[in-house]
Amino acid sequence: MSGAVPVVTRFAPSPTGHLHVGGARTALFNWALAQKLGGHFLLRIEDTDQARNSRDAVRGILEDLAWLGIHWQEGPQLGGLGGDPRGVGPFFQSERLARYDAALARLIEKDLAYPAFDTPEELDALRKTASAEKRAFRYVRAADWDRAAALVRMQREPHVMRLRAPDETIVVNDQVLGDIAFGPEQIDDFVLRKRDGFPTYHLAVVVDDEAMGVTHVLRGPEHLNNTPKHIALQRALGFAMPIYAHVPSIQNPDGSKMSKRDKDKAARGLAQQAFAADAGARARAEGAIDAKRLAAWLGDAKSQLETGELDALERTLALDLPSVTVEDFRRAGYLPETVDNYLALLGWNPGEKLVDGRDREQFDLAFLADKFALDRIGRGSAKFDRAKLLAFSQEQLAALSDADWLARWRTWCARYAPEASAALADPARALVFAASMKTRCATLAAASAPGGPGRFALVADDGFAYDEKAVAKWLATGEPTGWAVLESVRATLAEAAPFEPAAIEAAVAKFCEASGLGMGKVAQPLRVALTGAAASPPLGETLAVLGRDSVLARLTRCLAACGPRT
RNA sequence: GUCCCCAUCGUCUAGUGGCCUAGGACAUGGCCCUUUCAAGGCCAGAACACGGGUUCGACUCCCGUUGGGGACGCCA
């Protein structure tokens, strides 16, 4: 077909903070649809709110998307991503004001838009009245309307521009929800341009989608009610109508909508607890963020901290805030493909069975791009289930080769825990570490976490404490005692070669046989001496990760530190 | 309050009028394996919100009720 319109999908975030999981899923679906249809995925920054947008947040969102592997062909540039191959940019709405004004001029000329001089206070009062009378507020055009006078007046008075809304029912043909009718009472004379000269979301989105040739609009459910407004505007402007699809929302376990605000809310509660419990906490918090800002935020449950402030507070008070942004999950040590996979499954599924009869749930981006289709998006909202995400993470991490696991871990460490990676510089030992952590860590972060299964290998030989119960059970008691076993096995370990898991296991097994001891009688005392705890990876791996020098040093230290008093 | 959307195990879902004694996954419980911790294997319990229709036949179609979510900004 020669005249086919190339497919263009888009993700259009407003830069008010980190990308949250709902936005990430919307971006992922748009990306997948474009891939499937052989089109372009475009990124546009909706920064028309002068009070709220921040340039830092833009950078953060771009990095989050890039990390997830959601690559945009058109939009702001980052690394090799983005650009403007069709010449439809710029991609920041704040740089496109002339285009919105031009569209508005056409509407004014056709008498489809008009200036309104109501003050925000006046409108507020009207809304309050409506609410008190249990009516829905609806903007009513002035009855004594004089177009010529208004056009003169707008030259010298602050005003907004409103659309002269059509008096007709508009049917939204949604690809997920079907046909939805909105009566004329649903579409009032909404604002197109604000007092500050910036367009509202409605005007900007309609003008840009047309100018950028967007063919499919896939967005969150909060926009469903806006869609008839957008259609009305498109008709007034003579624009094409894109294909619409609204995806269901992602909810918290309690059923509320999952949003960036959840983190702020949780932080307020936890901070207040911390201040009550610890007198110094308030002072530390005020060292991290402005004291006045802090007080205002604590006192007003509706206020929100800036992203940077929230991060600072989280760090200084060591708050355990819910993960809601892509960055949160990255920091928590999830693989980007795992996050993509889980997010894709929230509201979409391929509907395929594996040969063993199970549903296909785990897949990569290539699979998503190949199979994605609007008609398999669900209609009901989905609760975000951290346990299932964690299970996916566990499984996908375990499926990595040792070398891949190690590379991914080092990459994660470089950003969040450089000292952990540095503590295990030796390549051979690091590979053993990878092998033994793979099935023991549900996330990359778990390996180095305090109390985590890999901690023993990342601390100095005298950098850990001995678990009292373990010492009592495995070193102080038994016949012979654990201490005696440690003394006698020392020579075996000093000579075992090569110092690798299999050889170590074999040497210890031989020692057990020769001394008539069960494996447990030897392995458990060793675990306590080398790691401080009675649980660790298989003995050969535990010793090989540490290396011979550390093993001997730790044996010496153990006997000295908690051995029998002589 | 008004409008809009939604409704299968605790959670994510398969299911498009007979393949359903409703399948899978996560979570939960039990057993097996085992030098510890994991991992792995096997088994179990667990759902069509309710009430009316339509139909020879409803999880599937229609209506209502209930419940949940969203929107009602000079935010996006």
Side-chain angles (χ1 to χ4, degrees), chain A residues 12-14 16 46-49 51-53 116 118-120 123-124 127 130-138 158-162 172 174 176-177 180-183 185-186 188 190-196 198 200-202 204-205 220-228 246 248-249 251 253 255-257 342 345-349 351-354 356-362 378-392 394-395 398 436-441 453 470 474 505 508-509 512 518-524 526-528 531 533-539 542:
Chain A
S14 57
T16 54
E46 312 224 322
D47 56 348
T48 55
D49 185 349
R52 287 204 303 174
N53 70 63
D118 320 76
T119 65
L123 291 173
D124 250 17
R127 284 198 186 88
S131 152
E133 292 171 7
K134 297 191 181 297
R135 285 186 293 108
F137 170 76
R138 192 163 177 269
H159 61 279
V160 300
M161 296 300 302
R162 287 179 181 269
V172 175
D174 188 280
V176 171
L177 268 9
I180 303 161
F182 293 86
E185 73 286 350
Q186 296 303 305
D188 70 356
F190 59 93
V191 173
L192 298 171
R193 188 173 64 194
K194 302 179 252 187
R195 210 165 260 250
D196 64 6
F198 274 60
T200 59
Y201 164 70
H202 307 298
V205 88
E222 67 274 21
H223 290 300
L224 180 58
N225 293 297
N226 290 328
T227 308
H246 291 87
S249 64
Q251 302 178 333
S256 62
K257 188 184 170 189
Y342 183 71
L345 226 39
L346 238 35
W348 180 85
N349 77 80
E352 282 186 13
K353 299 265 185 219
L354 267 6
D356 61 4
R358 306 189 318 165
D359 292 351
R360 163 155 253 134
E361 289 197 315
Q362 301 203 22
R379 294 136 72 86
S381 51
K383 291 190 176 69
F384 193 92
D385 183 0
R386 281 152 214 285
K388 185 152 180 167
L389 203 214
L390 199 62
F392 272 32
Q394 161 111 271
E395 205 172 319
S436 56
M437 288 305 108
K438 272 195 335 186
T439 56
R440 260 161 276 263
C441 295
W474 294 108
E505 291 273 356
V508 173
C512 286
M519 185 57 126
K521 290 286 290 176
V522 179
Q524 290 310 94
L526 274 170
R527 286 199 164 88
V528 178
T531 74
S536 85
L539 201 61
T542 299

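Because the structure is predicted, anything quoted here is derived from the model rather than measured. In what follows, chains are A, B, ... by sequence order, proteins preceding strands, each numbered from 1. Atom set for the values below is all heavy atoms of this structure, side chains included, hydrogens, waters and symmetry mates excluded.
Under a 3.5 Å cut-off, the side chain of T200(A) and the backbone N or O of V191(A) do form a donor-acceptor pair. Of the possible polar contacts, none joining the N226(A) side chain to the H202(A) backbone as a donor-acceptor pair under 3.5 Å is found. Of the possible donor and acceptor atoms, one in the side chain of R379(A) sits under 3.5 Å from a partner among the backbone N and O of V176(A). At least one donor-acceptor pair under 3.5 Å links the side chain of R138(A) to the backbone N or O of E185(A).
Searching all strands for a Watson-Crick or G-U wobble partner of U28(B) with both distances below 3.5 Å returns A44(B). When Watson-Crick and G-U wobble pairs are counted only if both distances are under 3.5 Å, C50(B) pairs with G64(B). If you check A71(B) for Watson-Crick or wobble pairing at under 3.5 angstrom, you find it paired to U2(B). Taking a pair to require two hydrogen-bonding distances under 3.5 Å in either a Watson-Crick or a G-U wobble arrangement, G57(B) remains unpaired. The pairing partner recorded for A38(B) is none, the criterion being a Watson-Crick or G-U wobble arrangement whose two distances lie under 3.5 angstrom.
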- Query: Quick one: what's the B/S/- string for nucleotides 35-49 of chain B, heavy-atom cutoff under 4.0 Å, read 5' to 3'?
  - Reply: BBBBS----------
- Quick one: what's the B/S/- string for nucleotides 71-76 of chain B, heavy-atom cutoff under 4.0 Å, read 5' to 3'? S-SBBB
Please list, pair by pair, any protein nitrogen or oxygen found under 3.5 Å from a nitrogen or oxygen in nucleotides 14-19 of chain B.
unit_1: A14(B); atom_1: OP1; unit_2: N349(A); atom_2: ND2; d: 2.7
unit_1: G15(B); atom_1: OP1; unit_2: R376(A); atom_2: NH1; d: 3.3
unit_1: G15(B); atom_1: OP1; unit_2: R376(A); atom_2: NH2; d: 3.4

Give each protein N/O atom lying under 3.5 Å from an N/O atom of nucleotides 30-33 of chain B, with the pair distance.
none

What does the list of N/O pairs under 3.5 Å between the protein and nucleotides 5-10 of chain B look like, with a distance for each?
unit_1: C6(B); atom_1: OP1; unit_2: R379(A); atom_2: NH2; d: 3.0

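At the heavy-atom level, G220(A) lies nowhere under 4.0 Å from the strands shown. Across all strands, E133(A) comes closer than 4.0 Å to no nucleic acid atom at all (heavy-atom distances). In this structure, E361(A) reaches the bases: a heavy-atom distance under 4.0 Å links it to at least one base atom across the strands shown.
Proximity of N225(A) to F182(A): side-chain heavy atoms (C-beta onward) are separated by under 4.5 Å at one or more points. Between D49(A) and Y201(A), the closest side-chain pair of non-hydrogen atoms is not below 4.5 Å. The side-chain heavy atoms of R440(A) and P537(A), taken from C-beta on, include a pair separated by under 4.5 Å. Between E222(A) and S249(A), every side-chain heavy-atom pair lies at or beyond the 4.5 Å cut-off. The shortest distance between side-chain heavy atoms of N349(A) and D359(A) does not fall below 4.5 Å.
Residues that satisfy the side chain to side chain donor-acceptor pair (under 3.5 Å) test with R527(A), not counting sequence neighbours, are Q524(A), S536(A).
When the C1' atom of A25(B) is taken as reference, atom CG of L345(A) falls 9 Å away, rounded to whole Å. In this structure, the CZ atom of F392(A) is 13 Å from the C1' atom of A27(B), given to the nearest Å. The distance from atom CG of D188(A) to atom C1' of U2(B) is 13 Å, rounded to the nearest whole Å. Nucleotide U11(B) holds its P atom 13 Å from the NZ atom of K388(A), rounded to whole Å. Look at CZ on F384(A): it is 17 Å from P on C26(B), rounded to the nearest Å. A straight line from CZ of R358(A) to C1' of C26(B) spans 12 Å, rounded to a whole angstrom.
Using a 4.0 Å cut-off between charged nitrogen and carboxylate oxygen, D196(A) and K194(A) do not count as a salt-bridge pair.
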